[in-house]
Amino acid sequence: MIEINKVCKSFHKLQVLKEINMKLEDGKIYGLIGQSGSGKSTLLRCINGLTVYDKGSIKIDNVEISSLKNAELRKFRQNIGMIFQNYSLLSRLNVYDNIALPMRCWKYGREEIDKRVNELLDMVQIPDKKNAFPKELSGGQKQRVAIARALAMNPKVLLCDEATSALDPNIAETIMELLTEINKKLGITVILVTHQLSIVKTYCEKIYLLEEGKIAAEGESEEFFENPSRELRNLMGMQGITALPENGRNLRIILNEKQTDERLLARMALETKGAFSIVKADAEQYHSGRVFYMIIHVEEECFEKISSWLTEERVRWNLEKEVLL
Amino acid sequence: MDAEFIAKFQKYFEGLFLQAIADTLWMLIVTMILAVIGGFVLGVVLILTRRDGLHPNKAVYQSIDFIVNFIRSFPIMILIVALLPITRFVMGTSIGVKGAVFPLTVAATAFMARIFENAMVEVDPQLIEAAKSFGASDFQIIFKVILKEAVPSIVSGTTLAAVTYLSATTIAGAIGAGGLGSVAMNYGYHRFDDMILYTGVIILCVIVQIIQLIGKFIYKRL
């Protein structure tokens, strides 16, 4: 459990973090989003003590980070792995030696290192690249090596600082699948800092949105994106805007995986005899499952009929307002 | 004519140049070994204490930075002359090969300190963060990460320094130390003996080529 309490951090006169409060449970995947300069990377670095916060407290399993000094802090960092946007591999060491580096720093025996490195290579699915040098690897493979290295000391938490931002979208997804798999298998807590909303949407269980050093919005991924806050719409920019018909009512209907099989629209048309048209429809993959949503436009006089039918059918719906930025 | 030329060449080569080459190489090698050691220590201190270093310390950084700049601002000939009293005190003499090694080492150490600093500064700060994140100590970060990554630029920097300080040994030679510089100057230039002058030049060219070859060889083996 990571408890972050009223954490503040300033660089010179610039206040980067303003009283951040968070409570992160073990074994979940968290997303930290925000514009560049919103303080998300700084917050991440406060968690493993790379950045020293000015005020407040961060406790990991009831250990206060700021109370740890030099050697204690170094030892504690074994519990927290970290990966970066530019992979941060030693270009002059091969894959094996890169992954072995943390264990060599902690003076592990040769056999133990060998066993663990091979295990990790299998876990990140690049056992054949054991002797390759980073420059011979693709971006995705490099990030796999970095993940293996971050996991070498069996950490409980994995911090990812824009870990997929430099990768092609499909490669980024395979890296996220790998992280999800590791999260499930090892029960490791993953904290993802990124500006790629699609990644956060699909793979994170809970999301925090930082704006100018404050947590501006937070929520479980599905509700967070289905009912986007002003701050989230701000971050999405034009992406989240749909031009809606002006008269009548616009309804957003949200269907879970089961409901999509129920021929709902056809039945709605037959049973309510109400007229409606589909403005937008889309499917989203969230951590909690697949969600299908659409925005339909109904005339004022049909609204009552259709909305009560939807409620009866236990379909989630809400009124969609024109997005104002 | 030909036979006469060869005989003269042989006489000078054996009597003059062999000793001069030995002196020059001795000056260069001693200077470079000491400068690499001294430059390494200073470079590491600079890297540690700089503003974004592992142990920022403005006073230490700025004083070493100033001293390095101060030494580097002297043309080598002026430095040799300016250091004469200290050289006499440290080495017991201010002339000959022994007297030249001290000022050359002082200058080359400052040069190498910059080479080390620049090479180590180039290492990606995120790589250092990564090393910190798995709990590496400062000592391990310097030796296992920063130095490891910086070795190629340190090698090319050292090659550059070796060539630079080879020419410095010849300047030292011209003002009192032995070696190829003094032979080319005293026997060649002042006695209008082109053969000696240009033989000296050619030998220096060969030494430079050899230094570059060694540098390249090590660089490639890394």
Side-chain angles (χ1 to χ4, degrees), chain A residues 11-12 41 44-45 47-52 68 70-93 97-108 133-134 142 145-155 157-163 166, chain B residues 40 43-44 47-58 60-61 115-159 215-222:
Chain A
F11 289 115
H12 303 289
S41 286
L44 197 71
R45 279 165 173 71
I47 295 175
N48 67 351
L50 281 181
T51 300
V52 181
L68 300 171
N70 305 325
E72 288 170 332
L73 181 61
R74 290 209 294 119
K75 191 135 183 53
F76 190 78
R77 279 180 182 151
Q78 294 183 9
N79 300 321
I80 311 166
M82 189 168 188
I83 56 174
F84 301 84
Q85 178 170 7
N86 58 5
Y87 325 118
S88 295
L89 300 176
L90 271 82
S91 59
R92 299 195 49 245
L93 293 181
D97 290 329
N98 261 295
I99 299 174
L101 187 61
M103 281 175 282
R104 293 209 170 117
C105 284
W106 287 102
K107 312 264 188 303
Y108 279 66
F133 281 85
K142 281 187 217 171
V145 179
I147 292 170
R149 185 179 64 183
L151 296 176
M153 305 306 296
N154 272 316
V157 182
L158 182 64
L159 308 176
C160 310
D161 188 15
E162 300 277 9
Chain B
F40 168 73
V44 167
I47 281 293
L48 280 172
T49 56
R50 56 185 285 126
R51 202 157 53 99
D52 49 1
L54 295 166
H55 287 283
N57 185 326
K58 213 172 166 184
V60 174
Y61 181 83
I115 298 273
F116 274 105
E117 188 197 6
N118 287 341
M120 291 191 278
V121 144
E122 290 296 312
V123 175
D124 181 2
Q126 236 173 45
L127 189 54
I128 296 160
E129 273 194 322
K132 279 187 190 172
S133 80
F134 55 68
S137 65
D138 291 349
F139 186 82
Q140 287 166 337
I141 291 174
I142 294 274
F143 283 90
K144 286 189 191 261
V145 177
I146 299 183
L147 266 178
K148 182 83 194 165
E149 285 295 281
V151 162
S153 23
I154 290 171
V155 168
S156 54
T158 307
T159 312
K216 217 185 230 171
F217 178 75
I218 298 174
Y219 189 92
K220 275 197 179 149
R221 289 291 296 271
L222 291 172

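Letters A, B, ... mirror the listed sequences (proteins, then strands); counts begin at 1.
To the nearest 0.5 Å, atoms NZ (B:K148) and CG (A:L90) are separated by 8.5 Å. For the atom pair OG of B:S133 and CD1 of A:I80, the computed distance is 9.5 Å after rounding to the nearest 0.5 Å. If you take CG on B:L147 and CZ on A:R92, they are separated by 10.0 Å, rounding to the nearest 0.5 Å. How far CZ of A:F84 is from CG of B:D124: 9.0 Å, rounded to the nearest 0.5 Å.
Contacts with chain B were tallied for A:M82, A:R149, A:R77; A:R77 has the most, counting heavy-atom pairs under 4.5 Å. With respect to chain B, the highest number of heavy-atom pairs below 4.5 Å among A:R45, A:Q85, A:Q78 belongs to A:R45. In terms of heavy-atom pairs under 4.5 Å with chain B, the best-connected choice from A:G81, A:G49, A:S88 is A:S88. Per-residue counts of heavy-atom pairs under 4.5 Å with chain B were compared for A:A146, A:P155, A:S91; the largest is that of A:S91.
Between B:G135 and A:W106, the closest heavy-atom pair is O-CZ2, 3.3 Å.
The environment of B:Y219 atom OH is sparse: at most 12 non-hydrogen atoms of other residues, nucleotides or ligands sit within 6.0 angstrom.
You'll find the side chain of B:V145 reaches within 4.5 Å of the side chain of A:L101, heavy atoms only.
Of the atoms belonging to B:Q126, heavy atoms from both backbone and side chain fall under 4.5 Å from chain A. Within the 4.5 angstrom heavy-atom criterion, only side-chain atoms of A:N48, from C-beta onward, approach chain B. Looking at A:L73, there are no atoms closer than 4.5 Å to chain B (heavy atoms on both sides), in backbone or side chain.
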